[in-house]
Amino acid sequence: MESVGSINPSKLSPKDLLWRILWDKEKCRLCGRCTAVCPVQALDLGVQRKRVVNIALGITETPSNVYGIFHGIRQKTDLSHLCVGCGMCELVCPNRAILVVRNEEMDKARFHINEGGNPRRRGGRRNNPASLLDAIKFTRISMLTDPALDAGRHEFEVRTLLGRLIPAEDMMKITREGGYLPPVREIYPLMIGSMSLGALSPNMWEGLQMGVAYLNEEMKMPVVICSGEGGCPPKLLRSRFLRYLILQIASGYFGWDEILRALPEIKEDPCAIEIKYGQGAKPGDGGLLMWHKVNQMIAAIRGVPMGISLPSPPTHQTKYSIEEAVAKMIQSMSMAWDFRVPVYPKISGSTTTLAVLNNLVRNPYAGGLAIDGEDGGTGAAYNVSMDSMGHPIASNIRDAYLNLVKMGKQNELPLFAGGGVGKNGNLAANALALIMLGASGIQIGKYIMQAAAGCVGSETDRCNVCNLGICPKGITSQDPRLYRRLNPDDVAQRVVDIFLSFDQELKKIIAPLGRSTSLPIGMSDALGISDEAAARRLSISYVV
Amino acid sequence: MCRLFAVTSSEPLVPSTALKALDVMREGHDGSGVGLFLTDLGGRWEDYKNLPTLSGIFSDDGLRELDELMISKGFRCEDEVLIRPTFEPPVGTPKRDNYLIRAYNIPTEWEDLSQKNIGFRLLETRMKLRQQGLANEAMTVFSFWYDVMMLKETGDPLAINDYLSLDSQGISSRIIMAQGRQNTNYAINLYACHPFFIQGFSTMTNGENTAFVPIREYLMSRNFLGYTGYQSDSEVFTHILHYAQNQLCLGLPFYKHIITPLMDNELESHPNREILKLIKHSCRPLVIDGPNCIIGCLPDKTMFMVQDSKKLRPGVVGGRVGKFVFSSEECGLDVVVPERNKHLDFQPMKYDTVCVSAQREKVEKWSQWEALTLQN
């Protein structure tokens with residue numbers, strides 16, 4: 001009998017893996033596409049030996065062996081080549097000869113992905129499909145007491161405000177006597193959140209920018225997009241399209257050298273400046289662009305050497321105290337554009353959110369607060385950070401809004417919510433639920449990657465290799481062989497489709513609630529949930 | 001859906017004038033309640049225009065509580081109408097002890113105070129009475145202001161008029177606002193009945209306010225004493241009017257711009273786009289998005305009507321010099337000013353504000369597109 005080889009603690013069989021690859025020899029035409037496309041080389045294409053025992057019918061002849069070979073694939077089981085379930089092999093197989101299935105029980109590989117003492121790192125999301133936002137219903141339907149509006153025929157104005165709003169009394173005083181009025185942007189309430197050029201491939205980034213520009217200039221929808229922490233290509237910085245972009249500055253300050261140098265040549269103000277203090281998917285961690293993705297272009301835009309990992313520090317190095325850090329940063333960024341551009345911080349959802357909020361309320365230059373919940377995505381993080389760190393967005397945004405109401409500041413400091421919005425495809429319903437809980441606008445990231453570019457990641461640990469630069473769809477890769485799979489024009493078209501369909505669904509929600517001309521921020525009486533504890537926590541109706 | 005009727009007349013009218021008009025619009029209300037707001041008072045009440053007048057309903061104990069409190073504050077009664085019904089009330093109307101309208105002389109120590117200060121103290125006194133009355137339901141106070149009487153009761157408007165013999169109590173006024181209630185989704189509560197009142201401002205509304213919760217939260221967070229209650233989603237319309245005029249010093253044409261601002265693309269071509277945009281931004285939580293027709297009265301006795309931005313509720317204005325009517329339906333006008341030129345009847349649409357000043361010479365119409373003048 002042949003030896004099965006040595007068995008060590010981390011030796012795994014296909015049954016121990018999360019994903020199992022089933023291959024049909026009869027259908028396979030040995031084209032090799034599956035092995036070529038596999039981002040993690042999980043498939044061994046090779047020549048394999050087989051034995052056929054030949055038993056003659058007579059009684060005098062002895063059985064013999066016929067040794068042959070066949071060509072085929074075999075799933076690798078070593079930890080550096082684990083199948084990630086992306087399904088690209090299925091996508092490219094001309095004969096549907098290959099199938100990726102989830103093993104029926106929990107994988108054992110997870111206990112071993114820490115070789116050399118390095119815990120698992122990955123991109124993607126929290127790997128938890130549960131969504132409280134999906135459970136929220138819109139229950140206050142106008143019918144007889146009130147005519148419901150017609151989503152198809154009434155006039156709608158779906159806009160929100162980004163920037164510090166002056167209380168009406170002070171605004172009137174300034175109008176009469178003069179004084180500083182902070183900049184305020186009228187934008188579409190659904191914005192594309194921060195995903196940097198670097199985290200995203202150039203084709204993906206370009207496609208998003210083109211889609212946003214088309215929405216603004218052709219569809220008259222003032223959609224904006226945040227740059228993420230990775231700077232901005234020089235041409236875009238000097239173009240009129242900058243007005244649709246929120247420039248993000250984060251603790252690594254990547255790309256800001258270029259931006260500041262470009263200031264004298266910038267023709268249009270950006271929509272706003274977002275100061276990232278935290279990210280919902282990995283609170284307490286800074287951004288991380290792994291060396292695989294730092295090519296010449298990314299290095300040039302970010303002002304760093306090529307081929308080195310770029311971990312942003314967890315906090316801004318100038319931070320001495322919350323008052324100083326936030327005030328100083330907001331003041332500095334405001335001054336850079338002569339106080340014409342709203343500046344606001346983005347934090348990860350946390351039980352400390354209210355402390356930050358209360359601080360911002362007292363800072364007259366703070367233009368809002370973006371809160372990113374635990375269900376947000378990331379290009380790279382430790383698995384433990386993604387899975388176990390963070391705060392759900394719903395209660396965090398609700399607490400923040402009600403805290404503002406208590407202070408009478410609910411219109412002065414707009415709140416933006418993100419993190420898991422549309423994680424199960426219910427984008428409009430999730431977004432409107434958060435708006436009615438108190439958000440002024442919504443930031444989305446993963447949804448755009450899935451809907452605009454066909455990201456195959458899921459909430460059940462599929463793919464999630466955004467950190468390695470091997471994204472099989474070319475969304476998060478800096479390898480031209482991969483990102484040329486993604487056509488920027490197609491991405492732009494999908495972005496437009498997404499926003500137009502979102503707009504329709506939004507109207508189908510707010511029209512029956514009797515709303516059309518003002519975004520129903522804080523209209524919590526419209527919401528219900530069948531979870532009594534959640535209803536109590538969010539101060540909405542408990543419905544069964 | 002409720003029915004609204006308001007009249008502004010050079011000659012004082014008895015309350016039944018409005019209640020009869022409500023009765024012809026009976027298809028639009030179910031006789032579950034009525035509210036009356038009377039100002040620019042006539043008869044012997046002409047003499048008390050400078051005295052704060054309290055309107056409310058009191059149990060016998062409540063009346064004693066009222067006296068104790070008002071005397072302790074230094075108020076002295078000048079005149080009153082006290083209705084103590086002796087008959088069985090009509091169907092739908094509970095038996096109550098006392099319906100009271102009473103003019104007071106202000107405490108002597110107030111006499112040197114500014115009008116604004118006195119106005120605040122009157123509001124404070126009303127809120128104190130209201131709060132105290134809520135505990136044991138002994139006192140229900142509708143208004144405490146100069147030259148204003150109010151009455152609210154559940155039941156059929158005309159039956160209540162007969163039951164309380166309102167026309168023979170010496171009550172008359174040049175301005176009457178009345179609402180016939182259609183009970184929908186709120187429990188009947190006298191404080192939920194229109195019209196609503198605060199410091200000389202009163203409004204009544206037809207239609208449900210779909211943006212009620214954020215508006216209520218915003219008004220309550222202004223920390224102004226009177227912005228409270230909200231047993232009805234329509235009470236916020238009165239308080240927004242008060243907020244615009246008294247806190248922001250914005251005239252009536254701006255009211256429409258606050259509650260139903262022009263859309264962004266419309267604003268671009270408005271001559272006052274800068275200030276209107278600022279108002280739209282700063283007053284964003286005050287935008288009404290529901291189907292509402294609002295009829296109201298200002299302290300200077302100007303009566304007005306505005307519609308929501310979709311004009312989903314009925315409302316018509318008409319009349320002749322000296323007498324104008326604002327009504328949910330045309331038939332309301334026909335009952336009270338049949339002699340008017342009907343061709344001049346006007347139904348305000350989504351951009352319009354219409355008003356009749358205390359001179360009662362004409363119906364003034366403003367469109368939201370017109371240029372505005374900011375008061376200093």
Side-chain angles (χ1 to χ4, degrees), chain A residues 140 142 144-150 154-157 159-161 163-177 181-182 184 186 220 222 401-402 404-412 414 436 438 440 510 512-527 539, chain B residues 1 182-186 207-224 227 233 243-244 247-250 254 258-267 274-275 277-292 308-310 312-313 350 374-376:
Chain A
R140 187 204 180 284
S142 300
L144 295 175
T145 56
D146 217 1
L149 304 178
D150 186 330
H154 272 110
E155 286 179 321
F156 286 80
E157 183 168 70
R159 297 285 183 272
T160 195
L161 302 175
R164 187 55 170 255
L165 289 143
I166 298 290
E169 294 88 342
D170 297 351
M171 182 273 293
M172 292 308 301
K173 193 163 180 283
I174 291 170
T175 305
R176 292 183 174 106
E177 298 168 13
L181 285 167
V184 175
E186 289 160 356
K220 307 302 172 203
Y401 177 74
L402 291 177
L404 288 174
V405 167
K406 209 183 294 174
M407 292 185 281
K409 306 281 187 187
Q410 64 268 50
N411 191 49
E412 293 171 36
M436 291 182 205
S440 279
I510 66 172
L513 306 180
R515 304 296 296 269
S516 65
T517 52
S518 82
L519 199 64
I521 299 166
M523 188 186 175
S524 53
D525 55 323
L527 301 179
S539 307
Chain B
M1 206 157 74
Q182 174 79 29
N183 193 31
T184 51
N185 53 349
Y186 293 95
E208 200 165 355
N209 176 9
T210 53
F212 170 55
V213 167
I215 297 176
R216 176 185 64 185
E217 281 172 348
Y218 187 78
L219 287 168
M220 289 180 81
S221 64
R222 297 307 91 197
N223 290 325
F224 184 79
Y227 298 163
D233 59 11
Y243 179 67
Q247 315 288 92
L248 305 183
C249 304
L250 290 170
F254 285 91
I258 291 173
I259 58 173
T260 64
L262 291 173
M263 292 203 185
D264 290 347
N265 58 347
E266 296 173 327
L267 269 181
E274 286 86 9
I275 179 70
K277 190 172 272 194
L278 289 172
I279 289 172
K280 184 178 178 180
H281 288 178
S282 285
C283 297
R284 177 167 61 151
L286 298 178
V287 174
I288 68 164
D289 221 347
N292 300 106
D308 68 87
S309 59
K310 292 162 215 82
L312 285 168
R313 293 293 189 195
K350 65 177 190 173
L374 202 58
Q375 297 165 351
N376 286 314

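What you see below is based on every heavy atom in this structure, not just the backbone, and it leaves out hydrogens, waters and symmetry mates.
Neither the backbone nor the side chain of B:Ile215 comes within less than 4.5 Å of any heavy atom in chain A. When heavy atoms are compared at a cutoff of 4.5 Å, A:Thr160 approaches chain B by way of both its backbone and its side chain. Looking at B:Arg222, the atoms closer than 4.5 Å to chain A (heavy atoms on both sides) all sit in the side chain, from C-beta outward. Contact annotation for A:Tyr401: only side-chain heavy atoms (C-beta onward) come within less than 4.5 Å of a heavy atom of chain B. For A:Leu402, the part lying under 4.5 angstrom from a heavy atom of chain B is the side chain only. Residue contact with chain A, scored on non-hydrogen atoms closer than 4.5 Å, involves the side chain of B:Ile275 exclusively.
A donor-acceptor contact closer than 3.5 angstrom is absent between the side chains of B:Ser221 and A:Lys406.
Counting heavy atoms from C-beta on, the side chains of B:Glu208 and A:Ser142 never come closer than 4.5 Å. B:Thr260 has its side chain out of reach of A:Thr517: every pair of non-hydrogen atoms, C-beta onward, lies at least 4.5 Å apart. Considering only heavy atoms from C-beta on, A:Ile521 comes within 4.5 Å of B:Arg284 through its side chain. Between B:Leu278 and A:Leu181, the closest side-chain pair of non-hydrogen atoms falls below 4.5 Å.
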With side-chain contact (heavy atoms from CB on, under 4.5 Å) as the test, would you mind laying out the steps for A:Met171 and B:Cys283 before giving the verdict? CA-CA 10 Å; A:Met171 182 273 293; B:Cys283 297; 5.5 Å; no

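Remark: A:Glu169 CD to B:Leu248 CG distance equals 5.5 Å, nearest 0.5 Å. Note that CG of B:Asp289 is 4.5 Å distant from CZ of A:Arg515, once rounded to the nearest 0.5 Å. Distance check, rounded to the nearest 0.5 Å: CZ of A:Arg176 to SG of B:Cys249 gives 5.5 Å.
Counting heavy-atom pairs closer than 4.5 Å to chain B, the top residue among A:Met436, A:Arg159, A:Glu186 is A:Glu186. Contact count versus chain B (heavy atoms, under 4.5 Å) is highest, among A:Leu519, A:Asp525, A:Asp170, for A:Asp525. For the set B:Asn223, B:Ile288, B:Val213, the count of heavy-atom pairs under 4.5 angstrom toward chain A peaks at B:Val213. When each of A:Pro520, A:Gly163, A:Ser516, A:Ser524 is checked for heavy-atom pairs under 4.5 Å with chain B, A:Ser516 comes out on top. With chain A as partner, the option from B:Glu274, B:Met263, B:Met220 having the largest number of non-hydrogen pairs under 4.5 angstrom is B:Met263.
Between A:Gly522 and B:Glu217, the shortest heavy-atom contact is O-OE1, 4.2 Å. Across all non-hydrogen atoms, the minimal contact from B:Tyr218 to A:Gln410 is CA-NE2, 3.2 Å. The shortest non-hydrogen separation linking B:Asn209 to A:Arg140 is O-NH2, 4.2 Å.
Judged by distance alone, the side chain of A:Glu157 and the main-chain N or O of B:Asp264 form a donor-acceptor pair under 3.5 Å.
No more than 12 heavy atoms of other residues, nucleotides or ligands shown are found within 6.0 angstrom of NZ on A:Lys173.
Just one of A:Leu165, A:Ile166, A:Asn411 meets the side chain to side chain contact (heavy atoms under 4.5 Å, CB included) condition when paired with B:His281; it is A:Leu165.
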